[in-house]
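Just so it is clear, the structure is predicted and the values come from calculations on it, not from any experiment.
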Amino acid sequence: MASQPARARKSALRSARRSVVSVTDTQSQTHAQSAVRALTSPEDVRAALLSELDLHLSTTTNKRGRPFQRKTINAYVNAGKALSAWIGASQHVNAVGVVVESFTDVDVSTANTFFRWWYETKDVPKSQDGQGGYTGGVSTQQRNLRALFLYLAEEYDHPNPYLDPKFHRYAAPQLGKPKTLSEEFVQDVLSLTAWGREPERREFGTVRDHALLRVLTEGLRAEEILNLQVDDLDLPNRTLVVVPLKGQRNSVDARPIPLQPSTVKALQRYLRLRTTHPLAESSPFLWLGMRGGRPLRYKALLHMVKRRAEQAGYDPGEVTPHSFCHTWCHDLLDAGVSGENVMAIRGWSSASMLRRYGADQASQRAINAVHQLGDRYQ
C-alpha cells in the first residue's frame with residue numbers, strides 16, 4: 001500500500017502568514033508597492049520630512065507635559081511648508097557653497113536670508129487683513145519653525161541654526177493702544193437686536209445675534225465664544241464656563257465667567273429658539289449658523305458684528321469682536337473692580353495683559369479717581 005503524502009502544515013506564526021500572503025497574493029503586493037511613494041524630487045523629500053514632523057508632534061508632549069493641539073501642529077507644519085516653498089523658488093546657496101534643496105542644507109546664513117525675505121514680504125499687520133490685532137509676523141514664523149529644526153537636530157544631527165550666535169532674531173513690533181467702544185455704540189447695537197413685539201425681533205437670527213452681542217460684552221475672546229458648548233452654561237447661577245483654548249474640555253484650568261442679568265435673559269431666549277435649528281440635537285456647540293448646517297465660525301461672527309454696527313449707523317471698519325474685550329476691561333476697572341479680580345475672570349497670569357487691555361482709557365480713569373477724592377487739603 002502506497003504511503004499517503006504528508007499534509008502540508010500551516011504555520012501558527014503571524015509573521016509566516018504575512019510572508020506567504022506577500023508572495024502569493026500579487027494583487028496585495030502590487031497595492032503595497034503603489035502605496036509607497038517614491039521620493040524622486042527634493043520637494044518630495046521635504047514633504048516627507050514634514051509628515052515625519054507632524055507624526056512626531058502628534059505623539060509627544062509640549063513643555064507643559066500636555067499633547068500638542070492640532071491647531072499648534074498645523075501652525076508648525078505650515079511654517080515648514082512656507083520654508084519649503086521658498087527653498088524651491090530661491091535656489092539659495094548656503095555658506096559652504098551647497099545649493100539648498102533639503103531642510104538639512106539650511107544653515108544659519110540660509111535661515112537669516114529666509115527670515116529677512118519673510119520680513120520684507122509677509123510681515124503684515126493683521127489690521128490690514130480685516131481681522132484686527134497683529135499676526136506676530138516674522139517673530140511668529142521664527143517661533144513656529146523652531147519645532148522643525150529641533151526635530152532635525154534630534155533625529156538627523158543637523159546643527160540647529162537657532163543656536164548659532166549669528167542667528168538674527170526678530171521681535172514683534174510695538175502695538176498701539178487698543179481702542180475701546182463707546183457706551184453709546186454698545187447700547188445702540190444692543191437696542192437694534194433687542195427682543196420686541198415685531199416678528200423680526202423674535203426670529204432665530206436676531207435673537208441669536210443679540211445673545212452673541214451680550215456675551216461679547218462679558219469680555220470673552222471670539223474663539224472662546226465660538227468654542228462654547230450648551231453644557232458650559234450655568235444660567236441659574238448667572239455664569240458660564242470658558243475652557244482654555246489650548247486645553248482639553250475637562251481641563252482643571254476652566255474658569256467661570258459672571259454674566260449680567262440681561263445676558264442671562266438673552267441666552268434663555270436664544271436657547272429656546274435654538275431647539276428649532278436642524279443641528280440642535282446633533283451639535284454640542286452653543287452657537288449655530290444660519291446657513292451651511294454647521295456651528296458658527298469666526299468669519300460669520302465678524303460679519304455679524306460689522307453688519308450690526310453698520311445698521312446702527314456706525315463705521316464697521318472701527319469694530320471687531322475683540323473690541324468688546326478691551327471695552328469690558330475698561331468698564332470693570334472704571335466701575336472700581338480691582339485689577340486682581342479682572343485678571344482672575346480673564347484668566348491672565350501677567351499684569352502686563354491688564355495694562356494692555358486697559359491702556360486706552362487709563363489716563364481718564366486715573367483723573368476720575370483723583371477727582372472723586374475732592375479736596376485733599378482744607
Side-chain angles (χ1 to χ4, degrees), residues 41-54 57 68-69 71-153 156 158-179 221-223 298-299 302 317-318 320-323 326 352-353 356 359:
S41 69
E43 291 79 9
D44 290 339
V45 175
R46 295 195 297 269
L49 200 145
L50 290 178
S51 295
E52 289 183 26
L53 176 65
D54 190 309
L57 296 173
F68 285 98
Q69 299 297 299
K71 185 176 181 179
T72 302
I73 296 174
N74 290 344
Y76 292 167
V77 173
N78 287 337
K81 289 180 179 178
L83 176 60
S84 178
W86 178 82
I87 290 173
S90 68
Q91 294 298 306
H92 183 77
V93 178
N94 64 20
V96 295
V98 175
V99 176
V100 177
E101 292 186 335
S102 69
F103 291 131
T104 51
D105 293 332
V106 175
D107 58 2
V108 66
S109 172
T110 308
N112 287 338
T113 303
F114 169 71
F115 288 126
R116 170 61 63 174
W117 169 82
W118 189 274
Y119 174 79
E120 294 174 347
T121 61
K122 304 287 187 180
D123 202 329
V124 178
K126 207 173 184 181
S127 57
Q128 294 182 16
D129 64 17
Q131 297 185 30
Y134 190 82
T135 61
V138 68
S139 61
T140 298
Q141 193 72 353
Q142 286 192 327
R143 183 172 64 251
N144 290 341
L145 265 179
R146 186 183 294 115
L148 171 62
F149 287 103
L150 286 173
Y151 179 74
L152 292 174
Y156 294 91
H158 176 61
N160 188 344
Y162 283 68
L163 302 180
D164 194 296
K166 296 180 181 179
F167 182 74
H168 300 162
R169 300 183 184 275
Y170 289 78
Q174 292 293 321
L175 300 177
K177 290 183 180 180
K179 300 302 182 182
R221 294 173 58 189
E223 192 169 355
Y298 179 79
K299 186 176 181 179
L302 176 67
E318 296 178 345
T320 68
H322 202 63
S323 304
H326 299 287
S352 63
M353 293 298 292
R356 167 159 173 73

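Between Trp117 and Trp86, the ring planes lie tilted relative to each other; the angle falls in the 30° to 60° range. Ring geometry, Phe114 versus Trp118: the interplanar angle falls from 30° to 60°, so the pair is classed tilted.
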| task | Start with the C-alpha distance between Phe167 and Asn112, add both sets of side-chain angles, then the distance that settles side-chain contact (heavy atoms from CB on, under 4.5 Å), and finish with yes or no. | result | CA-CA 6 Å; Phe167 182 74; Asn112 287 338; 3.8 Å; yes
| field | Verdict with supporting geometry, Thr113 and Thr110, side-chain hydrogen bond (donor to acceptor under 3.5 Å, both in side chains) | value | CA-CA 5 Å; Thr113 303; Thr110 308; over 6 Å; no
| Stepwise side-chain contact (heavy atoms from CB on, under 4.5 Å) test for Phe149 and Leu163 | CA-CA 10 Å; Phe149 287 103; Leu163 302 180; over 6 Å; no
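The minimum heavy-atom distance linking Phe115 with Val138 is given by the pair O-CG2, 3.5 Å. The minimum heavy-atom distance between Arg169 and Gln142, with the atom names listed, is CA-OE1, 3.6 Å. When all heavy atoms of Ser139 and Tyr170 are compared, the closest pair comes out as CB-O, 3.2 Å. Taking every heavy atom of both residues into account, His158 and Thr104 meet most closely at CE1-O, 2.9 Å. The shortest non-hydrogen separation linking Tyr162 to Arg146 is OH-N, 3.4 Å. Between Tyr298 and Pro321 the shortest heavy-atom distance is OH-CD, 3.9 Å.
His92 has its side chain within reach of Ser109: a pair of non-hydrogen atoms, C-beta onward, lies under 4.5 Å apart. Using a 4.5 Å cut-off on side-chain heavy atoms (C-beta onward), Glu52 and Tyr156 make contact.
Taking CG from Asn160 and CG from Leu152, the interatomic distance works out to 8.5 Å, rounded to the nearest 0.5 Å. Atom-to-atom distance recorded for Asn144:CG and Leu83:CG is 12.5 Å, nearest 0.5 angstrom. Atom CG of Leu145 is separated from atom CG of Asn78 by 10.5 Å, given to the nearest 0.5 angstrom. Taking OG1 of Thr140 as the reference point, atom CZ of Arg143 lies at 4.5 Å (rounded to 0.5 Å). Distance check: Tyr151 OH to Leu50 CG gives 10.5 Å after rounding to the nearest 0.5 Å.
For Asp107, the salt bridge (charged side-chain N to carboxylate O under 4.0 Å, His left out) test picks out no residue, with sequence neighbours left out. Glu43 meets the salt bridge (charged side-chain N to carboxylate O under 4.0 Å, His left out) test with Arg46; sequence neighbours excluded.
Donor-acceptor pairing under 3.5 Å is recorded for the side chains of Ser102 and Asp105.
When the options Leu53, Val45, Leu148 are evaluated for a side chain to side chain contact (heavy atoms under 4.5 Å, CB included) with Phe103, the one that passes is Leu148.
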